[in-house]
Amino acid sequence: MKLFQQAMIITVGLAIGVSAFAKADCMAHPKDQWISQQAFKTALEKRGFQVKTFKVSDNCYEMYGKSPKGKKVEMYFDTKTGEIVKKEIDD
């Protein structure tokens, strides 16, 4: 998947504004279907996020850092679609 397409997936996911759930529940996808970790992290940074930690956690991409508005965030993304499955933003 091209970086532009990945950025669009992230943009759509962020626009949806999925609220926080009790736990991140990502589907298990074959690793050859995952969006590249580096490309996904780069796309987040291009959207204005400051990524402190980016890792794989329970079939999700997990990101800790700051939102474009400078708020502390913890977000979980589906590794294949890039959709947000959980997000927490500190006020």
Side-chain angles (χ1 to χ4, degrees):
M1 190 177 286
K2 295 179 182 177
L3 185 57
F4 175 76
Q5 291 170 320
Q6 294 167 359
M8 291 305 297
I9 290 170
I10 293 168
T11 300
V12 170
L14 293 174
I16 292 171
V18 177
S19 56
F21 298 106
K23 79 173 209 178
D25 189 20
C26 293
M27 293 185 62
H29 303 288
K31 288 197 177 197
D32 66 340
Q33 295 180 1
W34 289 17
I35 300 168
S36 154
Q37 288 185 45
Q38 185 58 47
F40 199 90
K41 179 182 173 194
T42 299
L44 286 170
E45 292 169 340
K46 286 186 178 189
R47 298 290 309 152
F49 287 88
Q50 295 175 21
V51 180
K52 181 177 180 182
T53 304
F54 189 86
K55 62 184 181 177
V56 176
S57 177
D58 296 326
N59 298 313
C60 296
Y61 283 144
E62 181 177 0
M63 187 276 284
Y64 293 89
K66 293 196 176 188
S67 73
K69 294 183 179 183
K71 304 256 184 192
K72 186 176 176 184
V73 296
E74 176 182 347
M75 300 175 79
Y76 295 80
F77 303 89
D78 184 281
T79 55
K80 179 180 176 182
T81 66
E83 291 180 44
I84 299 169
V85 295
K86 178 182 173 185
K87 71 177 178 179
E88 296 178 17
I89 301 174
D90 288 346
D91 292 327

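This one's a predicted model, so the numbers in the text were calculated from it and none came from an experiment. Hydrogens, waters and symmetry mates are skipped; everything else that's a heavy atom, side chains included, is used.
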| field | Over all atoms of both residues, closest heavy-atom pair of Lys80 and Asp78 | value | N-OD1, 2.8 Å
| said: Holding to side-chain hydrogen bond (donor to acceptor under 3.5 Å, both in side chains), I want the full list of residues that pass it with Glu45, two or more places apart in sequence or in another chain. | reply: none
| message | For Lys55, give me all partners under side chain to side chain contact (heavy atoms under 4.5 Å, CB included), at least two apart in sequence or on another chain. | response | Thr53, Glu62, Tyr64
| query | With side chains defined as the heavy atoms from C-beta onward, is the minimum distance between Leu44 and Phe77 less than 4.5 Å? | reply | yes
| Going by heavy atoms in the side chains, are Met63 and Val73 under 4.5 Å from each other? | yes
| Is the closest side-chain heavy-atom distance between Thr81 and Met27 below 4.5 Å? | no
| task | List in chain and number order the residues that pass side-chain hydrogen bond (donor to acceptor under 3.5 Å, both in side chains) with Tyr61, two or more places apart in sequence or in another chain; answer none if no residue qualifies. | result | none
| field | side-chain hydrogen bond (donor to acceptor under 3.5 Å, both in side chains) partners of Thr79, counting only residues at least two apart | value | Trp34
| field | Residues forming a side-chain hydrogen bond (donor to acceptor under 3.5 Å, both in side chains) with Asn59, sequence neighbours excluded | value | none
| query | NZ of Lys72 to NZ of Lys66: how many Å apart, nearest 0.5 Å? | reply | 9.0 Å
| query | Which pairs count as disulfide (SG to SG under 2.5 Å) when at least one residue sits in residues 25-60, sequence neighbours excluded? | reply | Cys26-Cys60
| task | Looking only at non-hydrogen atoms, find the nearest pair between Gly82 and Phe40 and report the distance. | result | CA-CE1, 3.5 Å
